[in-house]
S.K.: 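I have a structure I would like to understand better, so I am pasting it below and will then ask my questions one at a time.
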Amino acid sequence: MTLQQEIVGNAMQMAVVNLHPGQTVYCEAGKFLFKTTNVTMETRLSSPSGNGNGNGGGGGMGGMLRQAMGTAMQVGQRMLAGESLAFQYFTAQGGQGTVGFAGVLPGEMRALELDGTRAWFAEKDAFVAAESSVEFGIAFQGGRTGMSGGEGFVLEKFTGRGTVIIAGAGNFIDLNPADFGGRIEVDTGCVVAFEEGIQYGVQRVGGLNRQGIMNAVFGGEGLSLATLEGNGRVILQSLTIESLANALKKAQGGDKQGPTGGLFSTHAG
């Protein structure tokens, strides 16, 4: 059953979801805004099991133990990723219900439709809400990629069938690397989400020469750029969390980034 939702607003969008009787949607803790009184709310540590009922693991003591171990593994992964430890589940009872969700930064939201053939990957904190038929997971990039990039080491992964709602900062643009010769290079903080099949990596900005050092020191990008290759949908955002934080810091009388851009950042205050 397709999730009936509408994304409303401009600078700070929200998603208004209409639930059929018995239909369930879940969100990351802290993304809930409002609900009608006939919608129940339950907080759990586990994400759905992919079959939509949030149970799984079989019956008996063995099934309960496997379920507990699976939940503990999920929680451990989310702790390592710096994600919220809990999910909130909303189910309409006795009739249609309405629930509202939003991201945490000024910006856009997007509803992605999963058909079961391709997963979607998103940057940390992009997830807002999803149908219970969509499974939320954590994907760890390779150590070398993650360590060299600083960002993008941990990704959220969405599989199954149904609607998942994500949020980002600023405005979104949809691109396909195949339309640009098969590869695009992006500020690491601008990547919001991309389809399975897109190869995501991190590369050094320029070589160890004069221009490479100028790019890293004065360009504001630091030492790395994200690379996206292949044929598939990519969603980028116009505002990065780092640039927003630097602007707020500067407005408060400090300059976190400093005069030389991203490499030699200062941390006043």
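Fair warning: this is a prediction, and the values are worked out from it, not measured in the lab. No hydrogens, no waters, no symmetry mates; every other heavy atom, side chains included, goes into these values.
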S.K.: Over all heavy atoms of both residues, which pair between A167 and G103 is shortest? Give the atoms and the distance, please.
M.R.: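 Closest pair (atom of A167, atom of G103, distance): CB-CA, 4.0 Å.
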S.K.: Taking all non-hydrogen atoms of both residues into account, name the closest pair between L33 and A102 and its distance.
M.R.: CD1-CB, 3.6 Å
S.K.: Are V202 and T227 side-chain neighbours, meaning at least one heavy-atom pair lies under 4.5 Å?
M.R.: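 A side-chain contact under 4.5 Å is absent here.
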S.K.: Is there a path of hydrophobic side-chain contacts, each under 4.5 Å between heavy atoms of I, L, V, M, F, W or Y residues, that connects V154 with I166?
M.R.: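 Linked within one cluster.
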S.K.: Look up atom CG in D115 and atom CZ in R161, then write down how far apart they are to the nearest 0.5 Å.
M.R.: 6.0 Å
S.K.: Hey, does K31 have a side-chain heavy atom less than 4.5 Å from the side chain of V104?
M.R.: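 Sidechains of K31 and V104: in contact.
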S.K.: Go through the structure and list residues passing ring-ring contact (aromatic ring centres under 6.0 Å, His included) with Y26, not counting sequence neighbours.
M.R.: F87, Y89, F127
S.K.: I want to check something: taking the side chain as every heavy atom from C-beta on, are L225 and V186 in contact at a cut-off of under 4.5 Å?
M.R.: no
S.K.: I'd like to know if V39 and F34 are part of one continuous hydrophobic network [Ile/Leu/Val/Met/Phe/Trp/Tyr, side-chain heavy atoms within less than 4.5 Å].
M.R.: no
S.K.: For Q199, which residues count as a side-chain contact (heavy atoms from CB on, under 4.5 Å) partner, sequence neighbours excluded?
M.R.: E229
S.K.: Got a sec, which residues hit side-chain hydrogen bond (donor to acceptor under 3.5 Å, both in side chains) with T163, two or more places apart in sequence or on another chain?
M.R.: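 Per chain and number, T163 pairs via side-chain hydrogen bond (donor to acceptor under 3.5 Å, both in side chains) with E113, E131.
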S.K.: Measure from the side-chain N and O atoms of N176 to the backbone N and O of G232, and report whether any donor-acceptor pair falls under 3.5 Å.
M.R.: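 Flag set: sc N176 to bb G232 pair under 3.5 Å.
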S.K.: Of all heavy-atom pairs between G230 and P177, which one has the smallest distance, and what is that distance?
M.R.: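 Looking at all heavy atoms of both residues, the closest pair is O-CB, 3.4 Å.
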S.K.: In terms of side-chain heavy atoms, does Q203 have a donor or acceptor partner in E185 at a distance below 3.5 Å?
M.R.: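 A pair is found: one side chain offers a donor N or O, the other an acceptor, under 3.5 Å apart.
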S.K.: Taking only distance into account, with no hydrogens and no angle test, what donor-acceptor pairs under 3.5 Å do side-chain atoms of residues 189-197 form with protein atoms, sequence neighbours excluded?
M.R.:
from: E195; atom 1: OE1; to: R118; atom 2: NH1; distance (Å): 3.0
from: E195; atom 1: OE1; to: R233; atom 2: N; distance (Å): 2.7
from: E196; atom 1: OE1; to: A119; atom 2: N; distance (Å): 2.9

S.K.: Side chains of Q96 and P21: does their closest heavy-atom pair fall under 4.5 Å?
M.R.: yes
S.K.: Could you tell me which residues satisfy side-chain contact (heavy atoms from CB on, under 4.5 Å) with L114, sequence neighbours excluded, listed by chain and number?
M.R.: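 If we apply the side-chain contact (heavy atoms from CB on, under 4.5 Å) test to L114, skipping adjacent residues, the hits are L112, W120, V134, F158, V164.
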S.K.: State whether the side chain of S238 and the backbone N or O of N171 hold a donor-acceptor pair below 3.5 Å, judged by distance alone.
M.R.: yes
S.K.: Can you list everything that forms a side-chain contact (heavy atoms from CB on, under 4.5 Å) with L175? Sequence neighbours excluded, please.
M.R.: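 Partners of L175 by the side-chain contact (heavy atoms from CB on, under 4.5 Å) criterion, ordered by chain and then number, come out as I173, F180, I184, L236.
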S.K.: Can you list, pair by pair, the side-chain donor-acceptor contacts under 3.5 Å of residues 3-14, counting residues two or more places apart and other chains?
M.R.:
from: Q4; atom 1: NE2; to: H20; atom 2: NE2; distance (Å): 3.4
from: Q13; atom 1: OE1; to: M109; atom 2: N; distance (Å): 2.8
from: Q13; atom 1: NE2; to: G9; atom 2: O; distance (Å): 3.3

S.K.: Under 4.5 Å between side-chain heavy atoms, hopping through other hydrophobics if needed: is there a path connecting M41 to I165?
M.R.: yes
S.K.: Looking only at non-hydrogen atoms, find the nearest pair between G97 and A92 and report the distance.
M.R.: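 Here G97 and A92 meet closest at N-CB, 3.9 Å.
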S.K.: Please check if V16 and V99 belong to a single hydrophobic cluster, counting links between Ile, Leu, Val, Met, Phe, Trp and Tyr side chain heavy atoms closer than 4.5 Å.
M.R.: no
S.K.: Could you tell me which residues satisfy side-chain hydrogen bond (donor to acceptor under 3.5 Å, both in side chains) with T37, sequence neighbours excluded, listed by chain and number?
M.R.: none
S.K.: Dump the intermediate steps for side-chain contact (heavy atoms from CB on, under 4.5 Å) on I235 and R110, then the final yes or no.
M.R.: CA-CA 9 Å; I235 301 175; R110 186 68 54 84; 4.0 Å; yes
S.K.: Is the backbone N or O of G170 less than 3.5 Å from a side-chain atom of Q237, with the two atoms forming a donor-acceptor pair by type?
M.R.: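 Between the backbone of G170 and the side chain of Q237 there is no qualifying donor-acceptor contact (under 3.5 Å).
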S.K.: How many angstroms lie between OG1 in T188 and CD in E123, if you round to the nearest 0.5 Å?
M.R.: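 CD of E123 is found 8.0 Å from OG1 of T188.
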S.K.: Of all residues at least two apart in sequence or in a different chain, which pass the side-chain contact (heavy atoms from CB on, under 4.5 Å) check with A247?
M.R.: none
S.K.: To the nearest 0.5 angstrom, please state how far the CD atom of Q88 sits from the CZ atom of F101.
M.R.: 8.5 Å
S.K.: Which residues satisfy the side-chain hydrogen bond (donor to acceptor under 3.5 Å, both in side chains) test with D179, sequence neighbours excluded?
M.R.: none
S.K.: To the closest 0.5 Å, what do you measure between CD1 (I198) and CZ (R183)?
M.R.: 12.0 Å
S.K.: Kindly write out the residues that satisfy side-chain hydrogen bond (donor to acceptor under 3.5 Å, both in side chains) with T98, not counting sequence neighbours, or none if the list is empty.
M.R.: N18
S.K.: Between N38 and G95, which heavy-atom pair has the shortest distance, and what is it?
M.R.: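 For N38 and G95, the tightest heavy-atom pair comes out as ND2-O, 3.4 Å.
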S.K.: Using the ring-ring contact (aromatic ring centres under 6.0 Å, His included) criterion, which residues pair with F32? Sequence neighbours excluded.
M.R.: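 Applying ring-ring contact (aromatic ring centres under 6.0 Å, His included) to F32 gives F90.
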